[in-house]
Amino acid sequence: MQYSMNSCTLQTAASAAGQGQVFRFWNELDDAGRKKLSGQIAALDFEELNLLAAEYVIKRPETTIPADLEPAPFFPAEPRTGEEKKLYFQADQTGEELLRIGKVCLLTVAGGQGTRLGFEGPKGTYPIGPVSGRSLFEYFAGTVSAAVKRYGKPVTWYIMTSVVNDQDTRNFFREKNFFGLDPERVMFFTQGSMPAFGTDGKLLLGAKDSLSLSPNGHGGTLLALRNSGALDRMVRENTPVISYFQVDNPLAPMLNTRFLGLHELTGAEMSAIMLPKTNPYEKLGNFCTSGGHTQIIEYSDLPANLAESRNPDGSLRFVAGSPAIHVISRDFVARLTAGGKLRLPWHRADKKVPFINEAGTLVKPESPNAVKLESFIFDALPLASKTMILAGKRETMFAPTKNQTGVDSAESCREMLLDRDAAILEKAGFTFPRDKAGKRTADIELGPALAADPAGLTRFAGRKIVPGTREVWE
Ligand code: UTP
């Protein structure tokens, strides 16, 4: 059998690299198990993994903060000077034109494991709709439909999955009939995986016939776009502009004309939305510059003296936090991944990873026992010849669903969706019931198409919203 022939070579390579433990249970495996394990191991580069183990696992990498670190400049959410007003007007027009001539495609990263949310199944299938229970994917799909209708052009939506959720994600879309979208215009592609290391740098087995594999971080998007053929498709369909957002943020501005237009007009290779941080230690990456390059320093890595430093007017110096919303030029992805290789730094995370011990028993650790390595999309920023950062508005752009309750949770996300919808209704002339403190006393959930294009609200003209109302308006 082919795989067992190869397995000898693989076993020799694994042993030579000091990773022979991955074959510990080979003799107990049936054909299918052997095929699975040898397939996983054949995809590894032991030399590189051992270098990574030495650099990131056995040693704990130190983040060095460049001496010339400065806050990154950004465009304000609203123009302040005459020049800015002119530029923003042009940007709005340019963004609109990009959409009208079909130059923009959408990219959702949905390969993560969503461990904090603790939900069985892909995060995109999570029922986030505050009244309807519609899924995160349905929110995005509704916005795509609205854009197709409004701009009269098909829009291709790329969805990155991972080994842990690819099949379930595809099945979900099939079951939901692609939410009425053209299935030909939805392309799923799968990101790469990384094996988990024990703290001694040895690869862990998650089962006797399997390494402990997990998605390689959203930085894996870039290479996966090339390897999957998505990049070629973007060339074929002539969509040079990629709107990038995360599956756990149903407020993500997927088709924001100003953001798209400023990206185009400034000639940026990668652009980002920034949100003003609410406190020095808010858990958002910090937009900074060093040596003329934009970079993100994670909140946990920004030293206190910088995090807390203030401008003369009392505002935070390092105020720009990242909600992970980007516009990326297709040619930039092609340049970065030319030759099928891309080197982004790895980030270490200490995790509790179930593993098979020497005796062949599955151990579920109580405390972190393993190291996972991930790369992050924002590490592409310093590699861009030009970047553009635009200030965004939290209440209309960022409702992350990381946890079940509390900060950045499904609960807070639902509240933000309802608040956003109430604001849309009020802007459209509806009277929304509120208590003395200004808090909503009714829950009206707008369908994503209505939220994207409130002109459709004329259908509801004359409807009264009384305290306690709980409805979905589509
Ligand atoms: P997070 O870093 O919040 O990770 O991902 P997560 O997997 O969703 O949740 P936790 O940390 O396990 O609780 C931010 C975004 O990046 C995507 C996620 O799907 C989410 O949209 N992502 C993350 C990937 O697509 N691939 C990855 O390998 C990691």
Side-chain angles (χ1 to χ4, degrees), residues 106-126 128 135-137 139-140 157-166 168-170 172 187-196 212-225 227-228 230 242-254 272-273 282-285 296 298-300 321-326 328 333 342 344-354 368 370-380 397-413:
L106 304 170
L107 168 57
T108 306
V109 287
Q113 292 175 296
T115 32
R116 282 169 289 171
L117 188 60
F119 169 66
E120 273 295 310
K123 215 188 217 183
T125 68
Y126 185 82
I128 197 68
S135 63
L136 283 158
F137 280 133
Y139 263 98
F140 303 124
W157 181 16
Y158 297 89
I159 300 175
M160 185 172 80
T161 62
S162 63
V163 274
V164 298
N165 64 21
D166 181 68
D168 289 343
T169 304
R170 288 172 195 256
F172 185 73
M187 176 173 170
F188 301 98
F189 67 103
T190 310
Q191 68 179 107
S193 302
M194 264 306 262
S212 173
L213 293 173
S214 42
N216 60 1
H218 41 64
T221 313
L222 299 166
L223 212 48
L225 281 173
N227 293 341
S228 63
I242 307 170
S243 169
Y244 168 105
F245 51 95
Q246 299 190 333
V247 76
D248 52 18
N249 177 19
L251 286 186
M254 302 156 62
I273 292 284
E282 187 179 356
K283 292 183 174 177
L284 294 176
I296 283 190
E298 287 191 83
Y299 65 90
S300 47
S322 173
I325 299 164
H326 299 287
I328 306 172
V333 181
L342 167 66
L344 290 181
W346 292 97
H347 295 256
R348 168 186 174 135
D350 293 75
K351 299 266 182 181
K352 288 186 267 183
V353 176
V371 173
K372 285 188 181 181
L373 297 181
E374 292 191 340
S375 67
F376 294 159
I377 191 88
F378 61 66
D379 282 322
M397 292 187 174
F398 191 50
T401 312
K402 302 289 183 193
N403 308 295
Q404 278 289 347
T405 55
V407 178
D408 295 346
S409 66
E411 212 175 68
S412 61
C413 177

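Just so you know, these numbers use all the heavy atoms, side chains as well, and skip hydrogens, waters and symmetry mates. Atoms within each ligand, like the ligands themselves, are counted from 1 in listed order.
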J.: Report the nearest protein non-hydrogen atom to atom 16 (O) of ligand 1: residue, atom name, distance rounded to 0.1 Å.
T.: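 Answer, as residue, atom name and distance: His218 CD2, 3.4 Å.
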
J.: List the closest protein heavy-atom neighbour of atom 26 (N) of ligand 1: residue, atom name, distance to the nearest 0.1 Å.
T.: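 That would be Gln191 OE1, 2.7 Å.
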
J.: Can you find an N/O atom of Arg116 closer than 3.5 Å to an N/O atom of ligand 1?
T.: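 Right, the criterion is met.
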
J.: What protein heavy atom lies closest to atom 8 (O) of ligand 1? Include the residue and the distance to one decimal.
T.: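 In this structure, atom 8 (O) of ligand 1 has Lys123 NZ, 3.1 Å as its nearest protein heavy atom.
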
J.: Would a 4.5 Å heavy-atom cut-off, applied to side chains only, mark Asn403 and Leu117 as touching?
T.: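 Asn403 does not reach Leu117 side chain to side chain.
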
J.: Going by the order shown, which atoms of ligand 1 are within less than 4.0 Å of some heavy atom of Lys402?
T.: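 Once the distances to Lys402 are compared, the set is 1 (P), 3 (O), 14 (C).
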
J.: In plain terms, say whether Arg170 and Asp168 are close enough for a salt bridge, that is, a side-chain N and a carboxylate O under 4.0 Å apart.
T.: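 Asp168 and Arg170: not salt-bridged.
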
J.: With atoms numbered from 1 as shown, which atoms in ligand 1 lie under 4.0 angstrom from a non-hydrogen atom of Met160?
T.: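 In order of number, 25 (O).
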
J.: Test of understanding: with side-chain hydrogen bond (donor to acceptor under 3.5 Å, both in side chains), list the residues that count as partners of His218, not counting sequence neighbours.
T.: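 Expected list: none.
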
J.: Distance under 4.0 Å to a non-hydrogen atom of Pro215: what atoms of ligand 1 satisfy this?
T.: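 So the answer, numbered in order with elements, is 28 (O).
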
J.: So which protein heavy atom does atom 7 (O) of ligand 1 come closest to, and at what separation?
T.: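 For this ligand atom, the closest protein heavy atom is Gln113 N, 2.8 Å.
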
J.: In terms of relative ring orientation, are Phe245 and Phe140 parallel, tilted or perpendicular, with 30° and 60° separating the classes?
T.: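 Aromatic pair Phe245/Phe140 classed tilted.
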
J.: Tell me which pairs pass side chain to side chain donor-acceptor pair (under 3.5 Å) where either residue lies in residues 114-125, with sequence neighbours left out.
T.: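 Found Lys123-Asp248.
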
J.: Tell me: protein heavy atom nearest atom 24 (C) of ligand 1, and distance?
T.: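 Checked against all protein heavy atoms, atom 24 (C) of ligand 1 sits closest to Gly112 N, 3.3 Å.
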
J.: How long is the straight-line distance from OG of Ser162 back to CE of Met194, given to the nearest 0.5 Å?
T.: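 One gets 14.5 Å once the value is rounded to the nearest 0.5 Å.
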
J.: Give me the residue, atom name and distance of the protein heavy atom closest to atom 6 (P) of ligand 1.
T.: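 Minimum-distance protein heavy atom for atom 6 (P) of ligand 1 reads Gly114 N, 3.6 Å.
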
J.: Please confirm whether the ring centroid of Phe188 lies under 6.0 Å from the ring centroid of Tyr158.
T.: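 No.
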
J.: Only heavy atoms of Gly111, strictly under 4.0 Å: list the atoms of ligand 1 that pass.
T.: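 Checking each atom against Gly111, I get 19 (O), 24 (C), 25 (O), 26 (N).
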
J.: Side-chain contact, heavy-atom cut-off 4.5 Å: Pro215 with Thr161?
T.: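 The answer is no, as the side chains (C-beta and beyond) never meet within the 4.5 Å cut-off.
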
J.: Does some side-chain heavy atom of Thr221 sit less than 4.5 Å from a side-chain heavy atom of Gln191?
T.: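 Gln191 does not reach Thr221 side chain to side chain.
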
J.: Is it the case that ligand 1 has an N or O less than 3.5 angstrom from some N or O of Leu117?
T.: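 The answer is no, given that Leu117 and ligand 1 share no N or O pair closer than 3.5 Å.
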
J.: For atom 12 (O) of ligand 1, what's the nearest protein heavy atom and its distance?
T.: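 Of the protein heavy atoms, Thr115 OG1, 2.4 Å lies nearest.
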
J.: Considering non-hydrogen atoms of the protein only, which is the closest contact for atom 21 (O) of ligand 1, and what is the distance?
T.: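 Scanning the protein heavy atoms, the shortest distance from atom 21 (O) of ligand 1 goes to Val109 O, 2.8 Å.
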
J.: How long is the straight-line distance from CG of Leu284 back to OH of Tyr299, given to the nearest 0.5 Å?
T.: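 Rounded to the nearest 0.5 Å, the OH-CG separation comes out at 9.5 Å.
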
J.: Is there at least one pair of N or O atoms, one from Gly217 and one from ligand 1, spaced under 3.5 Å apart?
T.: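 Indeed, backbone or side chain, Gly217 has an N or O that close.
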
